[in-house]
K.L.:
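Just dropping this structure here.
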Protein chains: 2
Amino acid sequence: MRQQGLDHSLGFVMGISYRRMNQLFMTRIKSFDLTPEQWSVLYRIREQDGMIQKDIAEKSGKDKPTTTRILDSLEAKGYVTKKIGKNDRRSYHVHITEAGIQAADEIAPIEYQVLRDVSGVLTDEEYALMISMLNKLSIQAASLLEQEKE
Amino acid sequence: MRQQGLDHSLGFVMGISYRRMNQLFMTRIKSFDLTPEQWSVLYRIREQDGMIQKDIAEKSGKDKPTTTRILDSLEAKGYVTKKIGKNDRRSYHVHITEAGIQAADEIAPIEYQVLRDVSGVLTDEEYALMISMLNKLSIQAASLLEQEKE
DNA sequence: CACTTATAGTTGTTTAAACAACTAAATTAG
DNA sequence: CTAATTTAGTTGTTTAAACAACTATAAGTG
């Protein structure tokens, strides 16, 4: 029987944990003038150049408006550029700039170090279990959501 | 050796999971005109009436400005009232109203059901482990944060 | 082909988080 | 007791998330 009360609520506890980890990462990358969310988008473009926004949104776990705005800020900072599609003129291919590559390659190890530092309190097995359980929860929540929106 | 890449990043995966779960809860309580965050604050006041904002903030895992604003919205909706402290006139004691009690008591089982539905993909042991690991991570992240802000 | 529907992206609005700067009251120290 | 410091709360600003409404192009159907 699962315990009741906010202190045993997955959503509540996860929210706090997520915000704290995010905050730590943020303080460590603030010299790059990038937020963790902007980073997650830049990371995807570094990983695969030239994707259209729809694919970036999917890979980053963000919706379309959020992706549009994050890309706008990344473009304003000179980290990415948009090129309109030739075949499909509704879409934009997003390319990373030299500055973007440089920032991404400097931030990647910082993020990894944050993970190592924070998850130092977990064993490797616990860490792997955690990732797998979180993925299960996401999928389950998304599936319930879809059902309930009819 | 832990895997690298955003798809194995605790922060990234947790963010997606958190947002989806939150979204599901939100759709289920939208008829109450309350958000999950407002709920988490109202819950604390339902739990212990008359606390000052500082204590509510602490229990809800929010900072002072966020708490101020959420309490403002709860007050505007008629769910709580503020009473200035007699001994300490800097602080406000926050009390729940009848409407607040009613909403809280109706939402509590809904939240519990969301948890049961979403975490149906986990065993009871996994659920408990998850909560405990999330708490460990919060504490660790908070401790690192404090250090690094000097 | 024309017409309907789907898709890619943008814009507007509301809520919350993080941070800094601030007011006012309380506490501490000289 | 006065002056400095701490504490409780508020306000302003920026970023992101969720949602709805919108434009423009593409694809599917009669």
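Throughout, protein chains are lettered first and strands after them, A, B, ... in sequence-line order, and every chain is numbered starting at 1. Here the structure is a predicted model, which means the values were calculated and not measured.
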K.L.:
Listed by chain and number, what are the side-chain hydrogen bond (donor to acceptor under 3.5 Å, both in side chains) partners of Ser60(A), not counting sequence neighbours?
P.N.:
none

K.L.:
Measure the distance from CD1 on Ile16(B) to P on dA16(D) and round it to the nearest whole Å.
P.N.:
15 Å

K.L.:
Check the distance between dT15(D)'s P and Leu74(A)'s CG and give it to me in whole angstrom.
P.N.:
11 Å

K.L.:
Report the distance from atom CG of Leu34(B) to atom OH of Tyr79(B), rounding to the nearest 0.5 Å.
P.N.:
5.0 Å

K.L.:
Within 45° of the six-membered ring axis of Phe12(B) and under 6.0 Å from that ring's centre, is NZ or CZ of Arg19(B) located there?
P.N.:
no

K.L.:
Grab the CG-P distance between Asp72(A) and dT11(C) for me, whole Å please.
P.N.:
7 Å

K.L.:
In whole angstrom, give the distance that lies between atom OH of Tyr92(B) and atom C1' of dT7(D).
P.N.:
14 Å

K.L.:
Between Asp7(A) and Lys59(B), is the closest basic N to carboxylate O distance under 4.0 Å?
P.N.:
no

K.L.:
When the ring planes of His95(A) and His93(A) are compared, do they come out parallel, tilted or perpendicular, using 30° and 60° as the limits?
P.N.:
tilted

K.L.:
In Å and rounded to the nearest 0.5 Å, what is the CD to CD1 distance from Gln48(A) to Ile56(A)?
P.N.:
9.0 Å

K.L.:
If you restrict it to nitrogen or oxygen atoms, what contacts under 3.5 Å exist between nucleotides 19-22 of chain C and the protein, and what is each distance?
P.N.:
from	atom 1	to	atom 2	distance (Å)
dC19(C)	OP2	Gln23(A)	NE2	2.8
dC19(C)	OP2	Lys149(B)	NZ	3.1

K.L.:
Counting only heavy atoms and a strict 4.0 angstrom limit, can you tell me which residues of residues 44-58 of chain A come near DNA chain D?
P.N.:
none

K.L.:
Given atom CZ of Arg20(A) and atom P of dA17(C), what is their separation to the nearest angstrom?
P.N.:
11 Å

K.L.:
Using salt bridge (charged side-chain N to carboxylate O under 4.0 Å, His left out) as the criterion, list what pairs up with Asp63(B), not counting sequence neighbours.
P.N.:
none

K.L.:
Which pairs, protein N/O on one side and nucleotides 3-5 of chain D N/O on the other, fall under 3.5 Å?
P.N.:
none

K.L.:
Return the value, rounded to whole Å, for the distance between atom CD of Gln38(B) and atom C1' of dT15(C).
P.N.:
8 Å

K.L.:
Looking at Thr123(B), Asp124(B), Ile131(B), which one forms a side chain to side chain contact (heavy atoms under 4.5 Å, CB included) with Tyr127(B)?
P.N.:
Ile131(B)

K.L.:
With DNA chain C as reference, determine whether Thr68(A) or Thr35(B) sits nearer its 5' end, using the nearest nucleotide of each.
P.N.:
Thr68(A)

K.L.:
May I ask you to say what Ser91(B) touches in the nucleic acid, namely base, sugar-phosphate or nothing, with a heavy-atom cut-off under 4.0 Å?
P.N.:
sugar-phosphate

K.L.:
Would you compute the distance between atom CG of Leu6(B) and atom CD of Glu111(A) and round it to the nearest 0.5 angstrom?
P.N.:
5.5 Å

K.L.:
How many Å lie between CG on Leu71(B) and P on dG9(D), as a whole number?
P.N.:
9 Å

K.L.:
Using whole Å, what does the distance between atom P of nucleotide dA18(C) and atom OH of Tyr18(A) come to?
P.N.:
10 Å

K.L.:
Can Arg46(B) and Asp105(B) be said to form a salt bridge (charged side-chain N to carboxylate O under 4.0 Å, His left out), step by step?
P.N.:
CA-CA 9 Å; Arg46(B) 172 64 173 130; Asp105(B) 292 352; 2.8 Å; yes

K.L.:
If we check side chain to side chain contact (heavy atoms under 4.5 Å, CB included) with Gln53(B), which of these qualifies: Lys82(B), Lys64(B), Glu58(B)?
P.N.:
Lys82(B)

K.L.:
Tell me whether Ile70(B) is reachable from Met26(B) by hopping between hydrophobic residues (I, L, V, M, F, W, Y) whose side-chain heavy atoms are closer than 4.5 Å.
P.N.:
no

K.L.:
With the side chain of Lys62(A) defined as its heavy atoms from C-beta on, choose the nearest nucleotide among dG9(D), dA17(D), dA17(C).
P.N.:
dA17(D)

K.L.:
Tell me which residues in residues 78-90 of chain B put a heavy atom below 4.0 Å from DNA chain D, sorted by number, or none.
P.N.:
Lys82(B), Arg90(B)

K.L.:
Let me know which of Ile52(B), Leu71(B), Ile84(B) forms a side chain to side chain contact (heavy atoms under 4.5 Å, CB included) with Tyr92(B).
P.N.:
Ile84(B)

K.L.:
For Tyr112(A), does the six-membered ring have the charged nitrogen or CZ of Arg28(A) within the cation-pi criterion, i.e. under 6.0 angstrom from the centroid and within 45° of the normal?
P.N.:
no

